2 protein chains.
Amino acid sequence: MTDSRLPECGVARFLTLLNGPWATLIVRELLHGPHRFNQLREALPGISPHTLTSRLRQFERHGIVTRTTYAQIPPRVEYELTPLGEGLRDVLEAMGTWAMDVPDPAADVTV
Amino acid sequence: MTDSRLPECGVARFLTLLNGPWATLIVRELLHGPHRFNQLREALPGISPHTLTSRLRQFERHGIVTRTTYAQIPPRVEYELTPLGEGLRDVLEAMGTWAMDVPDPAADVTV
DNA sequence: CAGGATCCGTTCGGATACTG
DNA sequence: CAGTATCCGAACGGATCCTG
């Protein structure tokens, strides 16, 4: 579908910005404050460095997070939400509270 | 990652319920009222019947939409949001309004 | 410690053709 | 009209190894 899906729709834009299952999870973690790379890895069990880097870089490009490097040995890099990224707090909260009200259908074979 | 990602987190649950780029778009369309199958197809340029059926069926299982069949020729089937699905209105709106405030970075090669 | 490079598997979705 | 069946391609993510 490339990206031709209803561009006038904010929801579609949101999905482009936070695509992939890990995106929102990472943001959610950053809502707790600045994190270092490995801090995020520990907070997100199962995520690979590849994926984490990928999402983080994308967030940078969109101005959702900032990357701060401290020139020291060993290296230290911190990721922090920008005010724009902070704005996601209410959105993620809305998503979360809604989802928790959905009963569990138990079986979910999907497709 | 299967599904072992922070089950206690509502956001993760949300992503499981509305997975895939089309999911939220379909719900958004249904917020305008009941739709027939082909009505949704027309409203969502580019979606394939395969995908649409897949998402719709998933929504049914989760109690987000209802499927009503009218025994007539030609067949007539209507999809409608349940009260649970209606609850997504505020969530999608929050997503949309946030996303529209994000400036366009122009280049977005992703990964 | 932070992350780039590769290779590969899974999933989601598109295309097409065919039914009740 | 409203799907279903099949095949296939693209994207996202995991695993592993290596580097500044």
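Residue numbering restarts at 1 for every chain, and letters A, B, ... go by the order of the sequence lines. Given the structure is predicted, the values throughout are model-derived calculations rather than measurements.
With distances taken from any side-chain atom of T51(B) to the nucleotides dC1(C), dG14(D), dG14(C), the minimum falls on dG14(C). For H50(A), whose side chain is taken as the heavy atoms from C-beta onward, the closest listed nucleotide among dA2(D), dG4(C), dA15(D) is dA15(D). Taking every side-chain heavy atom of P21(B) into account, dC12(C) is the closest of dT16(D), dG3(D), dC12(C). Closest contact between the side chain of P74(A) and the listed nucleotides dG13(D), dC1(C), dC12(C) involves dC1(C). Ranking dG14(C), dA2(D), dT16(D) by closeness to the F37(B) side chain, first place goes to dA2(D). With dA2(C), dC1(D), dT4(D) as the candidates, the nucleotide lying closest to the side chain of P75(B) is dC1(D).
E78(B) has its CD atom 13 Å from the C1' atom of dC1(D), to the nearest Å. The CG atom of L52(A) sits 14 Å away from the C1' atom of dC12(D) (whole-angstrom rounding). Rounded to an integer number of Å, the gap from R76(B) CZ to dG3(D) P is 12 Å. One atom, NE2 of H35(B), and another, P of dG3(D), lie 14 Å apart when rounded to the nearest Å. For the pair I47(A) CD1 and dC12(D) P, the computed distance is 14 Å after rounding to whole Å. Taking atom CD1 on I26(A) and atom C1' on dC12(D), their separation rounds to 12 Å, with Å as the unit. Taking atom CZ on R57(B) and atom C1' on dG13(C), their separation rounds to 17 Å, with Å as the unit. Remark: C1' of dG4(C) and CD of E60(A) are 14 Å apart, rounded to the nearest angstrom.
Note on N19(B): a side-chain N or O is less than 4.0 Å away from OP1 or OP2 of dC12(C). Distances shown here put every side-chain N or O of R55(B) at or beyond 4.0 Å from the OP1 or OP2 atom of dC12(C). The phosphate of dA2(D) (OP1 or OP2) has a side-chain N or O of R36(B) nearer than 4.0 angstrom. A sub-4.0 Å separation between OP1 or OP2 of dG14(C) and a side-chain N or O of S48(B) is present. OP1 or OP2 of dG3(D) sits under 4.0 Å from a side-chain N or O of Y79(B).
Ring planes of F14(A) and W98(B): perpendicular class, angle over 60° (limits at 30 and 60°).
Two residues, L56(A) and R41(B), neighbour DNA chain C, and the one matched to the more 5' nucleotide by heavy-atom proximity is L56(A).
Side-chain N/O atoms of S48(A) and T51(A) include a donor and acceptor closer than 3.5 Å.
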